[in-house]
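Notes for the one structure printed next.
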There are 2 protein chains.
Amino acid sequence: MVTIQEVAKYANVSVGSVSRYLNGYKLRPNNAKRIEEAIRVLDYRENMIAKALKSNQTLSVGVLLDNLLSHFSSAVVAAMGDFFEKQGYSMLLSGYRDDPKQVRRKVEFLTDRGIDGLIVATMEEDWEETQVLRELAIPVVSLVTPITFESIDSLLFDDAACTRKVVAAMIAGGHRRIGIISAPQTDFVARQRLAGAKAAFEEAGLELTDEWVYVNDYSRESGYAGMRQFIKQHATAVFVCNQNTSLGAIQQIQEQGLIVGQDMSFAAFDYLGIGEIFYPKLTMVRQPVGELGQLAAKTVLEKIRNKQPYSGKTIELANEILWRDSIQDIT
Amino acid sequence: MVTIQEVAKYANVSVGSVSRYLNGYKLRPNNAKRIEEAIRVLDYRENMIAKALKSNQTLSVGVLLDNLLSHFSSAVVAAMGDFFEKQGYSMLLSGYRDDPKQVRRKVEFLTDRGIDGLIVATMEEDWEETQVLRELAIPVVSLVTPITFESIDSLLFDDAACTRKVVAAMIAGGHRRIGIISAPQTDFVARQRLAGAKAAFEEAGLELTDEWVYVNDYSRESGYAGMRQFIKQHATAVFVCNQNTSLGAIQQIQEQGLIVGQDMSFAAFDYLGIGEIFYPKLTMVRQPVGELGQLAAKTVLEKIRNKQPYSGKTIELANEILWRDSIQDIT
DNA sequence: CTGTTAGCGCTTTCAA
DNA sequence: TTGAAAGCGCTAACAG
């Protein structure tokens, strides 16, 4: 490993000059040229570890997701990774396996490695473990879920509004027996989506009663079970609030010999672009996950660079509703 | 930030002793106890950057994937991440966006950050850019694709064998007009899978002619187009060699008003578990991606710890064939 | 603008 | 076993 010292010697200048050159300070053109040449012929590469030790900056950011194994996470990570790398930052990735208990350990794991900023996803503000974020000396950005500590920015989706619109479309199509496959209401996202559905009913002067709300556990199986219940109740339309769950729901419909989106009106949240491979194509709400990732990366970097870890903004990104043909008009 | 010095002062020992304590050396019980207490009351955390500078080990490994945005990548990353973290290692993630030209830059990006080991995926041995791996002073593991440099271990799947078996089942079912939606033969994986299909034909005394091989470009659209061609040619069965492509193929079948796996026998490689949501359920070959990730992590760590970067083994993991009902018997 | 030098927090000789 | 001290590669005063 060639060091700054050797470059200095080769170029016949002091290490200070080399360091300054490397950091973009002006120096005598002649010296600059000699240093540049030395760097080239010696194939010098700067030692980021030494730099980090001295400057207390690692040029890395931590990313703590609920679960690494999902399309959401890979899309977010892909977008962030690209952005960070262009900016010279690396990304330390970690997942807490949907288990809040692990959050503290994971955050320590990351901060121990000297990350300059942290992005977390799907952490509920009222978890005890979320409180560790309060004392962090680095910028934090929360994804999907709002955390209203003054030090944290939150980036959300407009799930409620979109759910409301889609369910409203079902109602407008004459549907009254509409099942909602929702998720545990302890989760912010689940609350949002169900609230959207309820709003649609209220606006139409109707009420969404409990028997038409099935609470899943995010598994495919629970989507399968929920759909079975609704078919028994002679639902004419079902909205599924979660991607994975929706696969189970679709499976149930098919197994009953029904055609999704025709014999049973259907819509769901989707990341995979699964809606297109059916016929009729399925109406889906798609979250701009890549955008979210990129915006998250941009936001932390700004906070890191401006050294202003505190702001506390909340930004809501608009989902896209892919209106297709799976909500039948039965008026 | 409390340092080793402060701990030493508090415990009334030298920094050397604290360092030795931290690294598991034996010292006078009394001293050890005092140090332990100092660490506790001062809430000392070791500075990994300083440690890394001194010891030339960052306790991190680089992971360079073709593309971060796929189920393959998230599954592999999830498995590796878990394993690494348990072992105290962090993971620097990077993708080269399916563009070999980027490989050199990305590898430098990672090595500049002092990674102790590197895992790469889907890099073809004959790419010029792959040669940079030759000079790396750290252990390297190649995923999915064999790289026979003596310094590199390769972890592969038995795609050829599985493709052969599935296509053989189609032939056994009486199918003769079998379409294979394959991928560019410049890619190792694509060659393997097509070779498997050809082998099945040969074993049956048949021949797989060019008109029954459609070369996709990994896009959904090309699956869509390939399937259209085969439907025109009155294929009775189609095997799709790539996950994403298979979605397009399914879409085409549905749009023709046909039922996948019934009107058109069908099988494909799958990661998403998409085969189950159809009726009939689809026969799919599934790669043990999580296993691969874990084995990869294990392998690099062993190489890092044994300080034996050279071995050059190749291991083949067995895929799982999920036999379902989408290959009809037409004899 | 440049050279010298004191550390950043840690590990690891070397003596004691 | 332990303490003292050198030094990993770099940055940032400080003095010139």
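Every chain is numbered from 1 and lettered A, B, ... according to where its sequence line falls, protein lines coming before strand lines. Since the structure is predicted, the reported quantities are computational estimates derived from the model, not experimental observations.
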Q.
I need the CG-P distance between A:N12 and C:dT2, as an integer number of Å.
A. 13 Å
Q. Taking only residues two or more places apart in sequence, or in another chain, which ones meet A:S142 in a side-chain contact (heavy atoms from CB on, under 4.5 Å)?
A. A:V120, A:T145, A:I147, A:I152, A:S154
Q) With distance as the sole criterion, is a donor-acceptor pair present between the side chains of B:E125 and B:T148 under 3.5 Å? A) yes
Q. Once you build an axis from the first five pairs and another from the last five of the helix from C:dC1-D:dG16 to C:dA16-D:dT1, how far apart in angle are they, to 10 degrees?
A. 40°
Q: Please work out which of the three classes, parallel, tilted or perpendicular, describes the rings of A:Y89 and A:F84, given edges at 30° and 60°.
A: tilted
Q) B:F72 vs B:F157 aromatic rings, parallel, tilted or perpendicular, using cut-offs 30° and 60°? A) perpendicular
Q | Footprint string (nucleotides 8-16 of chain D, 5' to 3'): B base within contact, S backbone only, - free, heavy atoms under 4.0 Å | A | BBBBBB---
**Q.** Under-4.0 Å side-chain N/O to phosphate OP1/OP2 contact, A:N31 with C:dC1
**A.** no
Q: Answer yes or no: does a side-chain N or O of B:S17 lie under 4.0 Å from OP1 or OP2 of D:dG3?
A: yes
Q: Give a yes-or-no answer on whether the side chains of A:Y218 and A:D187 include a donor-acceptor pair shorter than 3.5 Å.
A: yes
Q) What pairs of residues pass the salt bridge (charged side-chain N to carboxylate O under 4.0 Å, His left out) test when at least one of them lies in residues 67-82 of chain B, not counting sequence neighbours? A) A:R97-B:D82
**Q.** salt bridge (charged side-chain N to carboxylate O under 4.0 Å, His left out): pairs with one or both residues in residues 25-41 of chain A, sequence neighbours excluded
**A.** A:E36-A:R40
Q: Not counting sequence neighbours, which residues clear side-chain hydrogen bond (donor to acceptor under 3.5 Å, both in side chains) with A:S60? List them please.
A: A:T58
